[in-house]
Novice: 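To start, I am sharing the structure in question, which I have written as structure tokens.
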Amino acid sequence: MVGKTSRADKKIAYDRKLSELLDEYTQILIVAADNVGSKQLQDIRRGLRGDSVVLMGKNTMMKRTVRVHSDKTGNKAFLSLIPLLVGNVGLIFTKGDLKEVSEEVSKYKVGAPARVGLVAPIDVVVPPGNTGLDPSQTSFFQVLNIPTKINKGTVEIITPVELIRKGEKVGSSEAALLAKLGIRPFSYGLVVLSVYENGSVFSPDVLNLTEDDLIEKFAAGVSMATALSLAVSYPTLAAAPHMFINAYKNVLAIAVATDYSFPQADKVKEYIADPSKFAVAITSVAAADSGASAAPAAKEEEKNEEPAEESDEDMGFDLFG
């Protein structure tokens, strides 16, 4: 007969397993497991089977194993996990794409009734319509100030009512009413709180960033760095073009206001002396642009034309002249 495994043996086995996972995986999702049942957890494990492992356990055990393993291996990066092991949390070790794993985890949510004393994770709104309850049940609605009317022998809610607000505790009246109406307003599952990757810890919101978001944030950062550089007159690669342009404008302004000149300023002075040249220059540029756009069309027409026999007159000169 096989003896029952002692508590000490279970702790040793758990410590060994967590240490092996820390050695094998470099990506970890820290997830909240509030109101998640064992059956639901089994479904999540089954859905992630392949390149991910879900490990639950007591926080004190996990913290101790992380500290000891960090001391043995000399890898102090694991210590960044310890502050995250607070509350009812678990670890998902994965070698897959973090975003895909996070999305897979979020699929396994189970509806749950509103239990008394539970803190509402979302707003609960009771929709209008026929409840199917007989008129003797109107006391529930009156206590909660829900406007109703009797329609064909049943209670009907007239307008939508915000029954419970997010963050509030569910009262006995609210729980009883939702149970009578058959409404299961809440859904629970593993919720990703933080992401650990190669020693770095960041918010799961980062997983939803696209390339466009990254480009936008990078451009905003460059703009801020450029503005700061220009404000304190400190040269940087981002601010250099603006500094050169501003310096050129300053030198040009001095040349225009004085007798000092240089090649780039001569043309500006020429335009200032004769403003009509501005109009000529603008007209020339517009004509060049229109000519450039018309040239491809003209070449295409020439290709499509049939070649004709040429006479001496057509060739543009007189043989006897």
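We use all heavy atoms of the structure for the numbers below, so side chains are in, but hydrogens, waters and symmetry mates are not. Since we're looking at a predicted model, the values are computed, not measured.
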Novice: For S261 and A265, work out which heavy atoms get closest and say how close.
Specialist: OG-CB, 4.1 Å
Novice: Between E104 and K107, is there a salt bridge with N-O shorter than 4.0 Å?
Specialist: yes
Novice: Does atom NZ (K63) have a neighbourhood of more than 12 heavy atoms from anything else shown, all under 6.0 Å?
Specialist: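 Yes.
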Novice: Counting only heavy atoms not in E211, do more than 12 fall under 6.0 Å of its CD?
Specialist: no
Novice: Tell me whether F244 at atom CZ has more than 12 heavy atoms from other residues, nucleotides or ligands lying less than 6.0 Å away.
Specialist: no
Novice: Decide, yes or no, whether a salt bridge links K269 with D266 under the criterion of side-chain N to carboxylate O below 4.0 Å.
Specialist: no
Novice: For the residue pair H69 and F78, does the interplanar ring angle fall in the parallel (under 30°), tilted (30 to 60°) or perpendicular (over 60°) class?
Specialist: tilted
Novice: Which heavy atom of A239 sits nearest a heavy atom of T226, and at what distance?
Specialist: CA-CG2, 4.0 Å
Novice: Using every non-hydrogen atom in the two residues, find where G96 and D51 come nearest and quote the distance to one decimal.
Specialist: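 Scanning both residues, the minimum pair turns out to be CA-OD2, 3.4 Å.
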Novice: Take a 6.0 Å sphere around CD of E216 and say whether it holds more than 12 heavy atoms from other residues, nucleotides or ligands.
Specialist: no
Novice: For a quick test of reading the model, state the closest non-hydrogen atom pair linking P127 to I157 and the distance between them.
Specialist: O-CD1, 3.9 Å
Novice: Give me the atom names and distance for the closest heavy-atom approach of V155 to P135.
Specialist: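 Residues V155 and P135, closest heavy atoms: CG2-CA, 3.9 Å.
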Novice: Mark yes when over 12 heavy atoms from residues, nucleotides or ligands other than K99 sit less than 6.0 Å from its NZ; otherwise mark no.
Specialist: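 Atom NZ in K99 is packed in, count exceeds 12.
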Novice: Taking K11 first and then D15, would you say they form a salt bridge - that is, a charged N and a carboxylate O separated by under 4.0 Å?
Specialist: no
Novice: Is the shortest distance from a Lys or Arg side-chain nitrogen in K76 or D71 to a carboxylate oxygen in the other one below 4.0 Å?
Specialist: yes
